[in-house]
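A quick note: this is a predicted structure, and the numbers were derived from the prediction, not measured.
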Amino acid sequence: MSQYQAVKGTRDIFPEEAARWKHIEGVVHSLASMFGFSEIRTPVFEYTELFQRGIGATTDIVGKEMFTFLPDPTGRSLTLRPEMTAGVMRAVLQKNLLSMAPVHKLYYISELFRKERPQAGRQRQFSQFGAELIGVSTPAAVAEVITLMMQVFESLGVRGLKLRVNTLGGSEERLRYREALQGYFAPFHAVLDEASKERLEKNPLRILDSKNPDMQEIVAGAPRLYDYLTASSVEDFEKVLFYLGDRGIGYDIDHRLVRGLDYYCNTAFEVISSELGAQDAIGGGGRYDGLAREFGSSSDVPASGFAVGMERLLITMEKQGLFAALDSRGPLVYVILQNQEFGDHGLQIAYRLRKAGIMTEIDLVARSMKAQMREANRIRTSYALFIGATEVETGLYALKNLVTSEQTTLSLEAVIEILREPAAKELMQ
RNA sequence: GUGAUUGUAGCUCAGUUGGUUAGAGCGCCAGGUUGUGGCCCUGGAGGCCGGGGGUUCGAGUCCCCUCAUUCACCCCA
């Protein structure tokens, strides 16, 4: 065991796994652009106030999970971003993008940081991909966002996910409902658990999705938000559901779904994976018209978005065996040296093969031929090209197909002709 | 932050009521084949038994502390 290890809640991604990330990222990039979203990259840290205002000072994320630091004694407090939406909205407002066009569709694949105790599917540094549609939040717009998210899952072949949706209502409706909830829970004050007592003051909606079994009974009798919604809110929600149904996207309505970030309003949603253990939310999102105003905008800016946890998606896909096709590639050819006497010649051949667009590997640690062959086999190259006295003398090389074990003797030009692949050629240009 | 769990070779793990030089499988390296892989056979390297303290004639094993891991609570992706 080495003296240093990766910091708690962080980990390394080695080549085999990196290939899986690239696969997912490729699908995200191509689908997002197919849906008309463009990539945005924002700073890893922001002023702490941004998250306090955006996510909500009473939320767990802001209250106890942020990595906050002072760059110097006189500087302003900074925080490693615990989510992306606040930073993206800040960027859009800062550049005044909405004056250039009414709608902006942005997506990202980014690392986030939360100071939680690590467990299955939860780390202190983690990644999300997500999209933000800023400038409209009509049912059509919200449905676009959800559809893109579900399309990514579908394209990757992920099975067995459950989409849950709810509406949280507009701000006035929520305010009235909030009062009703406080009225309802007040008599139970003595029975409520600690967390719920605190939420009663700050955000009573959150009591609803408490997973504490002791709370379930009390929660069951609570007034339902649905009864406080205006006709237009209901209509809005049902229109979203209509679009989902029309596209064959299955969902469950869950009236107790309340997201942990304060900025959500109206439609909120969450995707659950059964492969994940306790941390089973693989993605989520919703509408957040009021966020811009929190950041000083003179009016609401309609918007919605989603985020999906890359690590949780990885875990789900691994359990479903969705990476099998990725795991079997190696360089095309291994240049095998009879002994070190031919090292320089071999290096030159390897260089020429690579310039010709052929993925080539060669031994650099002076191992025996047998070891080189074993290595070629281990990394699954398709061919071995032998360099020895005979080859150097005649200019004809022994090329062995490692799959069929067939071996022929050819000029280097003929070898290149055989090994040349269109895809590999493009890489070199 | 709380609770539980597990720390022995690169990896997965054995290790008896405390008793000599701490083991296996896989992996790695080499040889069997002085120009040829996979399979097989043989050999080799590689361990402050997480760290510190204690009990004991004697600790990988028992006790305490500590660090780390994992899972769960909470919450979220």
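- When the P atom is used for both G15(B) and C62(B), the distance is 12 Å, rounded to whole Å.
- Distance I315(A) CD1 to U70(B) P: 12 Å, rounded to the nearest Å.
- Following rounding to the nearest Å, I282(A) (CD1) and A77(B) (P) show an atom-to-atom distance of 13 Å.
- G25(B) and A68(B) are spaced 35 Å apart, taking the P atom of each and rounding to whole Å.
- Atoms OH (Y397(A)) and C1' (U36(B)) sit 18 Å apart, rounded to a whole Å.
- A distance of about 12 Å separates the P atoms of A9(B) and A14(B), rounded to the whole Å.
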May I have the step-by-step check of side-chain contact (heavy atoms from CB on, under 4.5 Å) for L385(A) and L353(A), ending in yes or no? CA-CA 11 Å; L385(A) 184 69; L353(A) 290 171; 4.0 Å; yes
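- For E116(A) and C73(B), the CD to P distance is 12 Å, given to the nearest whole Å.
- With rounding to whole Å, Q5(A) atom CD is found 6 Å from A68(B) atom C1'.
- Applying the salt bridge (charged side-chain N to carboxylate O under 4.0 Å, His left out) test to E270(A) and every residue at least two apart in sequence or in another chain returns R164(A), R259(A).
- Position along RNA chain B of the nearest nucleotide to Q123(A) versus S368(A) favours S368(A) as the more 5'-ward residue.
- Ring pair Y228(A)/Y177(A): centre-to-centre distance below 6.0 Å.
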What string of B, S and - do you get for nucleotides 37-42 of chain B 5' to 3' if you count protein non-hydrogen atoms under 4.0 Å? BB----
For RNA chain B, please output the secondary structure as dot-bracket, reading 5' to 3'. Pairs are Watson-Crick or G-U wobble, both atom distances under 3.5 Å; mark crossing pairs with [ ], other-strand partners with |, unpaired with a dot. ((((.((..((((.....[...)))).(((((.......))))).....(((((..]....))))))).))))....
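- With rounding to whole Å, I379(A) atom CD1 is found 16 Å from C28(B) atom C1'.
- As rounded to the nearest Å, U61(B) and C65(B) have P atoms that lie 16 Å from one another.
- The NZ-P distance, from K64(A) to U2(B), rounds to 12 Å in whole Å.
- Just one of D289(A), N266(A), D300(A) meets the side chain to side chain donor-acceptor pair (under 3.5 Å) condition when paired with S137(A); it is D289(A).
- For the P atom pair drawn from C13(B) and C74(B), the interatomic distance equals 28 Å after rounding to whole Å.
- Taking the six-membered ring for Trp, F45(A) and F69(A) have ring centres closer than 6.0 Å.
- When heavy atoms are screened at a 4.0 angstrom cut-off, G130(A) is found touching no nucleic acid atom at all.
- Scored by the salt bridge (charged side-chain N to carboxylate O under 4.0 Å, His left out) test, R174(A) finds no partners at all (sequence neighbours excluded).
- Nearest-nucleotide mapping onto RNA chain B: of R367(A) and I387(A), the residue sitting toward the 5' end is R367(A).
- Taking the six-membered ring for Trp and thresholds of 30 and 60 degrees, F188(A) and F185(A) have ring planes more than 60 degrees apart, a perpendicular arrangement.
- Checking the phosphate oxygens (OP1, OP2) of C71(B), no side-chain nitrogen or oxygen of Q119(A) falls inside 4.0 Å.
- Within 4.0 Å of A376(A), counting heavy atoms only, lies no atom of the nucleic acid at all.
- Side-chain proximity of Q407(A) to C74(B), A72(B), U36(B): nearest is U36(B).
- Across all strands, A371(A) comes closer than 4.0 Å only to sugar-phosphate atoms, never to a base (heavy-atom distances).
- Atom CG in N339(A) sits roughly 13 Å away from atom P in U34(B) (whole-Å rounding).
- The residue R122(A) sits close to a base: some heavy atom pair falls under 4.0 Å.
- For the P atoms, the distance from U56(B) to G10(B) is 35 Å, rounded to whole Å.
- Taking the salt bridge (charged side-chain N to carboxylate O under 4.0 Å, His left out) definition, one finds that E375(A) meets it with R367(A), R378(A), sequence neighbours left out.
- Annotation: salt bridge (charged side-chain N to carboxylate O under 4.0 Å, His left out) contacts of E417(A) (sequence neighbours excluded): none.
- Once rounded to the nearest 0.5 Å, the distance linking CG of L112(A) with CZ of F67(A) reads 12.0 Å.
- One P atom belongs to U55(B), the other to A45(B), and the distance between them is 37 Å to the nearest Å.
- Taking the side chain as every heavy atom from C-beta outward, W21(A) and E311(A) approach each other to under 4.5 Å.
- For the C1' atoms, the distance linking G46(B) with G1(B) amounts to 41 Å, nearest Å.
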